[in-house]
Amino acid sequence: MENYNQTSTDFILLGLFPPSKIGVFLFILIILIFIMALIGNLSMTLLIFLDTHLHTPMYFLLSQLSLVDLNNISTIVPKMASNFLFGIKSISFIGCGVQSFFFLTLAGAETLLLTSMAYDRYMAICFPLHYPIRMSKKVCVLMITGSWIMGSINSCAHTAYALHMPYCQSRAINHFFCDVPAMLTLACMDTWVYEYTVFVSTTLFLVFPFIGISCSYGQILLAVYHMPSSEGRKKAYSTCSTHLTVVTFYYAPFVYTYLCPRAFRSPTEDKVLAVFYTIITPTLNPIIYSLRNKEVMAALRRIIQRIVFVKA
């Protein structure tokens, strides 16, 4: 790794792409995925907003998930792309703090939103008669508001601590964005106390929600098992397994990066794992949760017909 030492307060992001043809190929691939994520998440947000048939708790939560994913990938990829294109790897001290704050806020909100969505499906399938009360509009708004507030509070605490740490002469962050674990390696102090708070925070925002999601889908599969229709069971199993796969893609790399001691991880591993929860998952979510849904496709057809009718 090149030795970037400087006297300014700017950080250096070493990036994700190697300076070779493979790096150019990976860059183009990431940009294409980024465009897909933008189109998918923006389309879902607008579709749910415009079609009244989708104004239900489930789709309200989905619209928030799409909004989070849209902002999450936009926080990371544009800066990474500009650094690669123009060869300017520096990011200001404040800019690094802002990027870290928004990333952690959006990541925390997404983990709680995914948990809320699993609870919503659990109530809809296992307790359909109680669903209108347990998942009322007020409850849905409280879930969403709580997700954003808790994500912001957690992010404020971590970002404030990271920016107040004394850093050594080298400010080269071996990552493609300002991720707190990567920044800790540059600190000129013992960070074991902060690493303990990261452990607690990760347990609260990642481990417990993942356990809750797994339990919810487990109860759903148990309820589906007793369905008389074999076709209905097959469809439910396929949907639940797909959802759990996407959730695992998001949670597992996060948990490994934030809980595994630094001695057992390499910077390359951290960057590869970060691609899953910053780029791949925001692209998969609108496809898995929404675009494969018949109600969403029907709403899309209605919107297209409305536009064509207006033009005609």
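- Side-chain contact between M44 and L70 is absent, with no heavy atoms from C-beta onward closer than 4.5 Å.
- Applying the side-chain contact (heavy atoms from CB on, under 4.5 Å) test between V275 and each of T281, I33, I280 identifies I280 as the sole match.
- Put simply, F176 and L32 are part of the same group of oily side chains (I, L, V, M, F, W, Y) that touch within less than 4.5 Å, one to the next.
- Proximity of N72 to F102: side-chain heavy atoms (C-beta onward) are nowhere separated by under 4.5 Å.
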Residue pair F103, F177: steps toward the ring-ring contact (aromatic ring centres under 6.0 Å, His included) verdict:
CA-CA 9 Å; F103 165 71; F177 71 101; 4.8 Å; yes
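- Counting heavy atoms from C-beta outward, I303 and L47 have side chains that approach closer than 4.5 Å.
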Given side chain to side chain contact (heavy atoms under 4.5 Å, CB included), test L42 with S66 step by step and report yes or no.
CA-CA 7 Å; L42 186 59; S66 293; over 6 Å; no
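- Note that CH2 of W192 and OG1 of T197 are 10.5 Å apart. Values are rounded to the nearest 0.5 Å.
- Residues L113 and V68 share a closest heavy-atom pair of CD1-CG2, 3.7 Å.
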Verdict with supporting geometry, W148 and Q64, side chain to side chain contact (heavy atoms under 4.5 Å, CB included)
CA-CA 10 Å; W148 282 101; Q64 290 297 306; 3.1 Å; yes
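- Atoms CG and SG, from D270 and C260 in turn, are 8.5 Å apart once rounded to the nearest 0.5 Å.
- Taking CG of L26 as the reference point, atom NZ of K21 lies at 14.5 Å (rounded to 0.5 Å).
- The same ILVMFWY cluster, assembled from side-chain heavy atoms under 4.5 Å apart, contains both L221 and I288.
- Shown here for H175 and A182, the closest heavy-atom pair between the two residues is CD2-CB, 3.9 Å.
- Every side chain to side chain contact (heavy atoms under 4.5 Å, CB included) that Y119 has, sequence neighbours left out, goes to Y122, M123, R134, M135, M143.
- Summarising the geometry of E110 relative to Y250, their closest heavy-atom pair is CB-OH, 3.7 Å, with the distance given to 0.1 Å.
- Aromatic ring pairs are classed by plane angle as parallel below 30°, tilted from 30° to 60° and perpendicular above 60°; the pair Y161 and Y194 is parallel.
- For the pair E195 and P261, the minimum side-chain heavy-atom distance is 4.5 Å or more.
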Go through Y167 and F11 one step at a time and tell me if the ring-ring contact (aromatic ring centres under 6.0 Å, His included) criterion holds.
CA-CA 10 Å; Y167 290 98; F11 287 103; 5.2 Å; yes
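- Placement of F199 and M150 within a single hydrophobic cluster is found when ILVMFWY residues are connected by side-chain heavy-atom separations under 4.5 Å, directly or transitively.
- At most 12 heavy atoms of other shown residues, nucleotides or ligands fall within 6.0 angstrom of atom CZ in F249.
- One distance of note links CG of N41 with CG of D69; it measures 5.0 Å at 0.5 Å rounding.
- More than 12 heavy atoms of other shown residues, nucleotides or ligands fall within 6.0 angstrom of atom CG in L85.
- Between S155 and L104 the shortest heavy-atom distance is OG-CB, 3.4 Å.
- Under the 3.5 Å distance criterion, the side-chain polar atoms of T283 are matched with a main-chain donor or acceptor of I279.
- The heavy-atom pair separating A118 from S216 by the smallest distance is O-CB, 3.8 Å.
- The heavy-atom pair separating P209 from T111 by the smallest distance is CB-O, 4.3 Å.
- Within the model, atoms CG of N154 and CZ of F101 stand 10.5 Å from one another, a figure rounded to the nearest 0.5 Å.
- Counting heavy atoms from C-beta on, the side chains of L273 and R265 never come closer than 4.5 Å.
- Residues that satisfy the ring pair (Phe, Tyr, Trp, His ring centres under 6.0 Å) test with Y277, not counting sequence neighbours, are F254.
- One hydrophobic cluster holds both V24 and F17 under the rule that ILVMFWY side chains link at heavy-atom gaps under 4.5 Å.
- In this structure, M58 and M117 have side chains that are not in contact, with every pair of non-hydrogen atoms separated by 4.5 Å or more.
- Side-chain atoms of I153 and C156, non-hydrogen and from C-beta on, never get closer than 4.5 Å to each other.
- Counting heavy atoms of neighbouring residues, nucleotides and ligands inside a 6.0 Å radius, atom NE2 of H53 does not exceed 12 of them.
- Using a 4.5 Å heavy-atom cutoff, the side chains of L114 and Y251 are in contact.
- Within the hydrophobic cluster formed by Ile, Leu, Val, Met, Phe, Trp and Tyr side chains joined at under 4.5 Å, directly or through other members, L142 stands alone, with no partner residue.
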With side-chain hydrogen bond (donor to acceptor under 3.5 Å, both in side chains) as the test, would you mind laying out the steps for H158 and S100 before giving the verdict?
CA-CA 9 Å; H158 287 289; S100 177; over 6 Å; no
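- Between D120 and Y59, the side chains place no donor N or O within less than 3.5 Å of an acceptor N or O (distance only, hydrogens not considered).
- Heavy-atom neighbours of M165 CE from other residues, nucleotides or ligands within 6.0 Å: above the threshold of 12.
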Start with the C-alpha distance between V207 and L259, add both sets of side-chain angles, then the distance that settles side chain to side chain contact (heavy atoms under 4.5 Å, CB included), and finish with yes or no.
CA-CA 10 Å; V207 178; L259 287 187; 4.0 Å; yes
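- One finds the OG1 atom of T248 at 4.0 Å from the CZ atom of F210 (value rounded to the nearest 0.5 Å).
- Checking T278, L106, V98 one by one against T75, the side-chain contact (heavy atoms from CB on, under 4.5 Å) holds for a single residue, L106.
- Side chains of D10 and S92: a donor-acceptor N/O pair is absent below 3.5 angstrom, by distance only.
- Atom OH of Y256 has more than 12 neighbouring heavy atoms from other residues, nucleotides or ligands inside a 6.0 Å radius.
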Given side chain to side chain contact (heavy atoms under 4.5 Å, CB included), test L65 with L61 step by step and report yes or no.
CA-CA 6 Å; L65 181 67; L61 291 169; over 6 Å; no
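- Taken together through direct or relayed side-chain contacts under 4.5 Å among Ile, Leu, Val, Met, Phe, Trp and Tyr, I304 and I48 form part of one hydrophobic cluster.
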